[in-house]
2 protein chains.
Amino acid sequence: MSRPTVNDIAREAGVSLATVDRVLNARPGVRGKTITAVNEAIARLGYVRDMAAANLARSRRYPMAVFLPDGGGQFVQTVADALDEAAQQAAATRTEMSLIRYPAGDTHHLAALLAGVDPEAVAGVALMAPETPVLRDAVRALRARAVPVVALASDLPNAGCDHFIGIDSRAAGRTAGVLMGRFLGARPQRVAVLAETMLLRDAIERRRGFDEVLQADFPLVEVLPTLETHGATEALRRGLAEILTGTDLGGIYLLGSGHRALTAALEGMGLLGRVVVIGHELTKASRAALESGHIHAVIAQNPGHLARSTLRVLRAKADRQPIDEGQEQLRIDIVIRENLPA
Amino acid sequence: MSRPTVNDIAREAGVSLATVDRVLNARPGVRGKTITAVNEAIARLGYVRDMAAANLARSRRYPMAVFLPDGGGQFVQTVADALDEAAQQAAATRTEMSLIRYPAGDTHHLAALLAGVDPEAVAGVALMAPETPVLRDAVRALRARAVPVVALASDLPNAGCDHFIGIDSRAAGRTAGVLMGRFLGARPQRVAVLAETMLLRDAIERRRGFDEVLQADFPLVEVLPTLETHGATEALRRGLAEILTGTDLGGIYLLGSGHRALTAALEGMGLLGRVVVIGHELTKASRAALESGHIHAVIAQNPGHLARSTLRVLRAKADRQPIDEGQEQLRIDIVIRENLPA
DNA sequence: TTGTAGGCGTTATCAG
DNA sequence: CTGATAACGCCTACAA
């Protein structure tokens, strides 16, 4: 006994295939009484629509556009790679993807790109970007043209996106905080916080979570003000040196990217492996640093999961289908040397 | 311009649909020359097969059988729930699942069940079980009858399964070891190890990984012999009390299930929250213990991922299709209070 | 060894 | 408003 099909419900309801289809897709031109009859037949037979067959018949394609910042460190590249791989797999379900890089930080440029998106040619849009008023409006406009939009890695809470794919930055910061506190032990210690920039909401939220936890649960730990390096290795080195003149350092919290620069700086100062270092995101650099013991933990989100989730969610939104919350929920990964993925 | 279809390559290669299909599915009865011609056309046009359409045409169903132990603690139940949910989702790809519980530990019973599996009626088998000779043979026999078999959570390395879905227990133990070492700090400390039973290979491997790390990297920590409780709360309490008469305890490593019993015992002794407790698997009990601060970390594998992976891999094996290693690789999750999933 | 025709479950285009 | 009928991309008898 296999699953009932449209034919079965057509027979059961005493109507034709076409009518069943109209009811199924909520298309106009059917009497209310007929609709009821069909729906009853559907319920009676426990019919569930075969989406594979439906999509085949529609011969619909799902061209998705993903916008990623141009520079943005290794994490962005990791995500880009994961997206490419996910796209290959998703081709099996007619989901295509084009990756568009925009000048990092130039949200006007990105907004212009979004304004140029043709709803006929694009079934969904994903973007990783900081939240600015222009961008917020651009997203709104896009959604007004019935294009689903999801935010990637960095949330755009006020832009009214259809979905956010990523982890809660504040919780990620809290997680980093607990690990830092526990790894340091119960002695009075100082912790430096480094960031390339504090412009992104992610960094701010992480720092907030980090501080919350240390203040509440590890009162012996003093967290220093954030040192913004703006990607300059020299600034990092100078800043660290300055901090070190005053005090002994117990740990370093790396808010964003820059694992490589930090390792280099620490090495120059003979501090490699002598302070607890906790960072974010698993990249080639942070992975190497974990393996060699220069970094002790990394708070991460799985890029493969992020990428697959992006495409799946966009696809579901394009079909106005519900999404499986459980499957799309990204975990806050704690990565140490011992549980590094192969 | 949409994707090329079998029609396109048939035309391009100057053969018929059926021949293309034969080549595509590596069926016999085609001249070598024709095969080459078709393959060339495929390459030239960049054809990728539409699996959805293929499966529709086959109208093939994939009835999978999953065997889980009967008791086995909350983790097994969590997996069972996850499987049920995954099965609902997988119904979209004609994958059905029946969950069969067998008397925990009775591998003869399980082997008999496996012997009764009809290759016509079952497209794949997954099982969570300890490795015993009878079972090993039963799995071999099943595979000999062309039924794909995957091991769930607990590996059966010598049974020749098609795949293992789960995490490396030794690495999981190492991860627990590092966390224990770091959480304890740099003072001499003693750690008790509790297990319901050491019969399962998982527990043994975890303990091995745990010991390795502590011996190598945390020489100040002394790990006591494993205390087997056999699920008896009283045994646990007595054993703990005995350990405590001799020494102060810095930490407890819970090798298997029994979070609830442990919490109760610790409470009775006024030790709740005063020793570092690290366990395995995220269940209702361990989750509650994390939230209340009675357990400090749990090494886990995502049951949702485990379940979806199981069905996906079985499906792929049934179709003799390659699997996406990256997607099927389960992560060793480190769960603390701050990164508990919602 | 190869080709033809029909079908899988759904949608879409016509007439009625 | 409703109903035949032909797609969609692929597989599979059966025929040649």
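Every heavy atom of this structure was used, including side-chain atoms; hydrogens, water molecules and symmetry mates were not. Numbers restart at 1 for each chain; the letters A, B, ... are given by sequence-line order, proteins then strands.
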For this session: Determine, stepwise, if the pair Arg49(B) / Asn25(B) fulfils side-chain hydrogen bond (donor to acceptor under 3.5 Å, both in side chains).
Result: CA-CA 11 Å; Arg49(B) 195 210 224 116; Asn25(B) 295 293; 2.3 Å; yes
For this session: Quick one: do Asp8(A) and Arg3(A) satisfy salt bridge (Lys or Arg N to Asp or Glu O under 4.0 Å)? Show the steps, please.
Result: CA-CA 9 Å; Asp8(A) 298 321; Arg3(A) 283 173 12 180; over 6 Å; no
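Comparing Ser16(B) and Leu17(A) against DNA chain C, the residue whose closest nucleotide sits nearer the 5' end is Ser16(B). In terms of position on DNA chain C, the residue among Arg31(B) and Asp21(A) whose nearest nucleotide sits closer to the 5' end is Arg31(B).
For the atom pair CZ of Phe67(B) and CG of Leu135(B), the computed distance is 10.5 Å after rounding to the nearest 0.5 Å. For the atom pair CD1 of Ile323(A) and CD1 of Ile165(A), the computed distance is 7.5 Å after rounding to the nearest 0.5 Å. Atom-to-atom distance recorded for Met97(A):CE and Arg315(A):CZ is 15.5 Å, nearest 0.5 angstrom. Distance CG/Leu311(B) to OH/Tyr62(B): 12.5 Å, rounded to 0.5 Å.
With respect to Ile9(B), the side-chain contact (heavy atoms from CB on, under 4.5 Å) criterion is satisfied by exactly one of Asn39(B), Val20(B), Val23(B), Leu17(B): Val20(B).
Protein chain A contacts DNA chain D from dC1(D) to dG9(D), reading 5' to 3' and using non-hydrogen atoms of the protein with a distance under 4.0 Å.
When heavy atoms are screened at a 4.0 angstrom cut-off, Arg94(B) is found touching the sugar-phosphate backbone but no base atom. Val30(A) comes within 4.0 angstrom of sugar-phosphate atoms only, judged by non-hydrogen atoms across all strands, and of no base. Nucleic acid contact class of Val20(B) (heavy atoms, under 4.0 Å, all strands): none. Arg27(A) comes within contact range of the sugar-phosphate backbone alone, with a heavy-atom separation under 4.0 Å but no base atom that close.
When the shell of 6.0 Å around CD of Glu85(B) is examined, it contains 12 or fewer heavy atoms from other residues, nucleotides or ligands.
For Asn25(A) and dT11(C), the shortest distance from a side-chain N or O to OP1 or OP2 is below 4.0 Å.
One interatomic measurement links the two molecules: CD1 of Ile35(B) to P of dT1(C), which rounds to 9 Å at whole-angstrom precision.
Defined by atom type and a distance below 3.5 Å, a donor-acceptor pair is present between the side-chain atoms of Gln327(B) and Arg308(A).
Of the listed nucleotides (dG9(C), dC14(C), dT2(C)), dG9(C) has the atom at the smallest distance from the side chain of Leu56(A). Checking dT11(C), dG7(C), dT13(C) against every side-chain atom of Ala57(B), the shortest atom distance belongs to dG7(C).
Taking a 4.0 Å limit (strictly below) on heavy-atom distances, residues 40-55 of chain B does not reach DNA chain C anywhere.
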